[in-house]
Undergrad: 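Handing you this structure, nothing more for now.
Please read these numbers as outputs of a predicted model, since none were measured by experiment.
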Amino acid sequence: MGVKGEKSGLGRALVKHHNHMIQQSKEKGRFYRSQQKKVLESVTEVSDIDAVMQQADETHRLFSALNPPGNLTINMDSAAPTTGYMTLEDKREQQKKEEALHASSLRIPRRPPWNAKMSVEELDSNETESFLEWRRSLARLEENENLVLTPFEKNLDIWRQLWRVLERSDLLVMVVDARDPLFYRCPDLEAYAREIDEHKRTLLLVNKADLLPFSVREKWAEYFHQHGILFIFWSAKAATAALEGKKLDLSRSIRSSQEDLADTDTKVYGRDELLARLQFEAEEIVSMRNIQAHSVVVGFVGYPNVGKSSTINALVGGKKTGVTSTPGKTKHFQTLIVSEKLTLCDCPGLVFPSFTSSRYEMIASGVLPIDRITEHREAVQIVTNRVPRSVIENVYKISLPKPKPYEPQNRPPLAVEFFRAYCASRGYVASSGLPDETKAARKILKDYIDGKLPHFELPPGMSDNEDAAQLSSSEVHESDSSDDEAPSMAENEVDPSLEHVFNDLNSFDIANGLASTKIGGKKPATAAHKQHKKPQRKKDRTWRVMNNDGDGMPVVRVFQKPVNAGNLNA
C-alpha cells in the first residue's frame, strides 16, 4: 500500500503511459504531414495561424537571401495629400484607369521549367519559390489603394493540379456561367495555354445557357465573334435530364426557344453534338502538330460550382465525379475515357485573381460557399441590385415597399426591406423575435444561384432595356415549396396617397398585414408566424349580474344623520 504523498504508484504510471501515447501520436501526425498525406483543400483566405506562420517563415528565408537589409528613407513631403476631395464617380473612374494600367500584372502562376532528370526535392523547391514570387507580385497590387483584388486560390497544390491538366490536354475547355460569362472567364489562362503549346486552343463552354433568352444569346454570340473567342452554348442540367429520360420545365419565355435550332452559334448543344464538336476541335489541334495520335485529351477548367463535374458526368453518361452545390467538391484532377479516341480530364475548381468584384459578389455568384457567409445583407443586396423588383415580387408572392417621394423611384429594393417581406410571408422568426435574416439569406442566395431568380448580364456596351422588359414580363415559377402557402398581397395594399402619413415602419407593416388599420377595405390577413398565438380570453362576469342588472359588486350603504335645524338652547 502506497504512502500518502508519494509520487509513485499505479495511477502515476497510467498517467505517464497516457502522456507518452499522446506524444507518439503527435509525432506520427507530424510525420504524415511532412509526407504530404493530407486532404487537398482550397484556400482562398489564409486565416489559419499555422498557414500564416509557415508562409511567413518561407517568405522570410527567400527575402533574406535575395534582399539584404538596407536603409529606409522616408520623405515627409510626400505624406501630405496632393489631391482634394474626390466624389464617388471620380474614385470609380480612377479605379478603372488603375485596373487597365495593371491588367497585365494580374496573371496566374506559371510552372517553372522542369525535366524528367530533376529530383522531387529540386522540383518542389523550384515550384514553391516561383509560387511565392507570384504571391509577392499580387501583394504589391493589393498595396495600391485604388485597386480591389478579389480572394483567390492560395494553395500551391491546387495550382499544381491545373498545371498538369494544361500539359496533358490538347483542347482546353473553360466552363463559365451563361448569366455572366466575363466574370468567370480568365484571359490569362488562355495566354498560358498558348505559352505551353502554340497550337493549343481554349474553348469557352457557356453552361446554363437555357436560362438566357434567345435575344441575349444572340448578343453574346456577336460579342464572342468580334473578339475571336471560340464558344459553345450548353446546359449540363438539360443534358442530364435528357439522359435520364426526365423532362424539364421549359414553359418560361427566358428558356430555350425552338427558333434557334437552325443557328449553330446560338443553339444550346446536346450531349452527342458537344462530344462530336470537342473531338473535332481536339483532332484539329493534333493535326497541326503533324503527330499521329490514337486519342485526344480534352481538359475542363474553371471556377468552382460552374458545372464542370456535371458536364463531364453528362458527357460520360454516368456519375463519375462528385457533384454538389457547395464549391470545391473536386479535390484532384481525374481522367475519364469516353471512347478510344476521346479522353476527358477534370480539374478542381480554381478561383482566379481578378479586379472589381467583392467577396459578397463571389458568394452570390456561387464561387464561395454560402455557409461561410457572415454579412447576409451585403450579399443579398447584390441580388436585389441585379434582379428587377417586379421579378422578386412575382417569384416570392410578396410586396416590397415602394420608394419614398424624396427617394429615386427607380432604386433597387434594400436588403432589409427584402428580408422583412420575405420573413413575414414565410414565418421566419429568430429566437429574439426579429426576422431570421440568416435563414432567409441562404434560401434567397440558393434560389439566385440555381436560377429560380432569373437574371443575366449583357455584353459590355450593349443596351439592356428590351431584355430587362422581357425578363420582367416573363412568367417566373415559384422558388420553393413554401411559396405555395405564401399569402397574396393584392388584398393588403394601402392607398398610395396615404404613404406620407405613416413612417417607414408603420407603412411597411400595414402593407404586409402586420398591423391593423381602419382604412376602408378588407381586413388585412394575419401574418403566418402569428397564427400560433392563442387569442386573449375575456373574463366572464355574467354570474355577477344582480341588483337590478348591476355588476354584482357589493353596494356600500352609508347612514347619514339628519341635520338638527331646531333652536339652540342657551
Undergrad: Do you see a donor-acceptor pair shorter than 3.5 Å between the side chains of Asp180 and His455?
TA: no

Undergrad: Measure from NZ or CZ of Lys267 to the centre of the six-membered ring of Tyr269, then state whether that distance is under 6.0 Å and the direction lies within 45° of the axis.
TA: yes

Undergrad: Given side-chain contact (heavy atoms from CB on, under 4.5 Å), test Ile449 with Ile370 step by step and report yes or no.
TA: CA-CA 10 Å; Ile449 295 172; Ile370 298 177; 3.6 Å; yes

Undergrad: Taking NZ, NE, NH1 and NH2 as the nitrogens, is one of them in Asp436 or Lys443 under 4.0 Å from a carboxylate oxygen of the other?
TA: no

Undergrad: Please verify the inter-ring angle class for Tyr422 with Tyr396; under 30° counts as parallel, over 60° as perpendicular, anything in between as tilted.
TA: perpendicular

Undergrad: Give the minimum heavy-atom separation between Ala314 and Thr240, together with the two atoms involved.
TA: CB-OG1, 3.7 Å

Undergrad: Which residues pass the ring-ring contact (aromatic ring centres under 6.0 Å, His included) test with Tyr223, not counting sequence neighbours?
TA: Trp220, His227

Undergrad: Does Glu417 come within less than 4.0 Å of Arg411, counting only side-chain N to carboxylate O?
TA: yes

Undergrad: Closer than 3.5 angstrom, by distance alone: can the side chain of Asp170 be matched with the main-chain N or O of Ala282 as a donor-acceptor pair?
TA: no

Undergrad: Enter the distance from Ile108:CD1 to Trp134:CH2 here, rounded to the nearest 0.5 Å.
TA: 8.5 Å

Undergrad: Closer than 3.5 angstrom, by distance alone: can the side chain of Glu437 be matched with the main-chain N or O of His376 as a donor-acceptor pair?
TA: no

Undergrad: Pick one: which of Val296, Val298, Val297 meets side-chain contact (heavy atoms from CB on, under 4.5 Å) with Thr343?
TA: Val297

Undergrad: Check step by step if salt bridge (Lys or Arg N to Asp or Glu O under 4.0 Å) holds for Glu190 and Arg201.
TA: CA-CA 8 Å; Glu190 304 173 7; Arg201 303 182 66 186; over 6 Å; no

Undergrad: Given side chains that start at C-beta, do those of Gln381 and Phe418 come closer than 4.5 Å, heavy atoms only?
TA: no

Undergrad: Distance-only, no hydrogens or angles: does the Trp234 side chain make a donor-acceptor pair with backbone N or O of Ala239 under 3.5 Å?
TA: no

Undergrad: Given side chains that start at C-beta, do those of Ser425 and Arg420 come closer than 4.5 Å, heavy atoms only?
TA: no

Undergrad: State the CZ-SG distance between Phe352 and Cys186, to the nearest 0.5 angstrom.
TA: 5.0 Å

Undergrad: Are the side chains of Phe183 and Asp177 in contact, using a 4.5 Å heavy-atom criterion?
TA: no

Undergrad: Taking side chain as C-beta onward, heavy atoms only, is Leu166 less than 4.5 Å from Leu189?
TA: yes

Undergrad: Grab the two heavy atoms, one from Gly317 and one from Leu243, that are nearest each other, plus how far apart they are.
TA: CA-CD2, 3.6 Å

Undergrad: Whether the side chain of Lys237 engages the backbone of Gly307 through a donor-acceptor N/O pair (distance < 3.5 Å, no angle test) should be reported.
TA: no

Undergrad: If you take all heavy atoms of Pro403 and Pro408, which pair is closest and at what distance?
TA: CB-O, 3.6 Å

Undergrad: About how many Å separate CZ of Arg217 and CZ of Phe456, when rounded to the nearest 0.5 Å?
TA: 11.5 Å

Undergrad: Using every non-hydrogen atom in the two residues, find where Ile158 and Gly349 come nearest and quote the distance to one decimal.
TA: CG2-O, 4.3 Å

Undergrad: Is Glu167 salt-bridged to Arg160, going by a charged N under 4.0 Å from an acidic O?
TA: no

Undergrad: Could you state the interatomic distance from OH (Tyr360) to CZ (Arg377), rounded to the nearest 0.5 Å?
TA: 12.5 Å

Undergrad: Side chains of Asp265 and Phe231: does their closest heavy-atom pair fall under 4.5 Å?
TA: yes

Undergrad: Considering only heavy atoms from C-beta outward, does the side chain of Leu205 approach that of Met174 to under 4.5 Å?
TA: no

Undergrad: Report the C-alpha distance between Ile312 and Leu336 in whole Å, list the side-chain angles of each, state the deciding distance to 0.1 Å, and finish with yes or no for side-chain contact (heavy atoms from CB on, under 4.5 Å).
TA: CA-CA 9 Å; Ile312 290 182; Leu336 301 171; 3.3 Å; yes

Undergrad: Under a 4.0 Å N-O cut-off, is there an ion pair linking Lys452 with Asp450?
TA: no

Undergrad: Taking it one step at a time, do Arg135 and Glu153 satisfy salt bridge (Lys or Arg N to Asp or Glu O under 4.0 Å)?
TA: CA-CA 10 Å; Arg135 289 286 305 274; Glu153 184 58 60; over 6 Å; no

Undergrad: Quick one: list whatever passes salt bridge (charged side-chain N to carboxylate O under 4.0 Å, His left out) with Arg271, sequence neighbours left out.
TA: none

Undergrad: Do any N or O atoms from the side chain of Tyr303 and from the backbone of Val176 form a donor-acceptor pair under 3.5 angstrom?
TA: no

Undergrad: Please assess Glu361 against Arg386 for the test salt bridge (Lys or Arg N to Asp or Glu O under 4.0 Å), listing each intermediate value before the final yes or no.
TA: CA-CA 11 Å; Glu361 184 177 355; Arg386 295 181 178 179; 2.8 Å; yes

Undergrad: Assess the residue pair Glu222 and Lys219 against the criterion (salt bridge (Lys or Arg N to Asp or Glu O under 4.0 Å)); give the C-alpha distance rounded to whole Å, side-chain angles, the decisive distance to 0.1 Å, and a yes or no.
TA: CA-CA 5 Å; Glu222 180 183 354; Lys219 293 181 179 180; over 6 Å; no

Undergrad: Once you round to the nearest 0.5 Å, how far does CD of Glu127 lie from CG of Leu132?
TA: 12.0 Å

Undergrad: Is there side-chain contact between Tyr184 and Ser365, with at least one heavy-atom pair below 4.5 Å?
TA: yes

Undergrad: Step by step, work out the side-chain contact (heavy atoms from CB on, under 4.5 Å) result for Val301 and Leu172.
TA: CA-CA 7 Å; Val301 297; Leu172 187 65; 3.8 Å; yes

Undergrad: If every non-hydrogen atom of Leu212 is compared with every non-hydrogen atom of Ala178, which pair is closest and at what distance?
TA: CD1-O, 3.5 Å

Undergrad: If we ignore hydrogens and angles and just use 3.5 Å, is the side chain of Glu273 paired with the main-chain N or O of Gly270 as donor and acceptor?
TA: yes

Undergrad: Around atom CD1 of Ile337, are there more than 12 heavy atoms of other residues, nucleotides or ligands at under 6.0 Å?
TA: no

Undergrad: Please confirm whether Lys308 makes a cation-pi placement over Phe300, using NZ or CZ under 6.0 Å from the six-membered ring centre and within 45° of the ring normal.
TA: no

Undergrad: Ring centroid separation for Trp159 and Phe152, is it under 6.0 angstrom?
TA: no

Undergrad: Would you find a donor on one side and an acceptor on the other, under 3.5 Å apart, between the side chain of Asn385 and the backbone of Pro412?
TA: no

Undergrad: Start with the C-alpha gap between Leu278 and Leu171, add the side-chain angles, then the distance that decides, and say whether side-chain contact (heavy atoms from CB on, under 4.5 Å) holds.
TA: CA-CA 8 Å; Leu278 294 178; Leu171 173 67; 4.1 Å; yes

Undergrad: Can you tell me how far NZ of Lys200 sits from OH of Tyr192, rounded to the nearest 0.5 angstrom?
TA: 10.5 Å

Undergrad: Kindly indicate whether the side chain of Leu106, heavy atoms from C-beta on, has any atom under 4.5 Å from the side chain of Leu141.
TA: yes

Undergrad: Test of understanding: with salt bridge (charged side-chain N to carboxylate O under 4.0 Å, His left out), list the residues that count as partners of Arg277, not counting sequence neighbours.
TA: Glu281

Undergrad: Please answer whether the main-chain N or O of Glu407 pairs with a side-chain N or O of Gln409 as donor and acceptor at a distance below 3.5 Å.
TA: yes

Undergrad: Which pair of heavy atoms, one from Ser235 and one from Val268, lies closest together, and at what distance?
TA: N-CG1, 3.8 Å

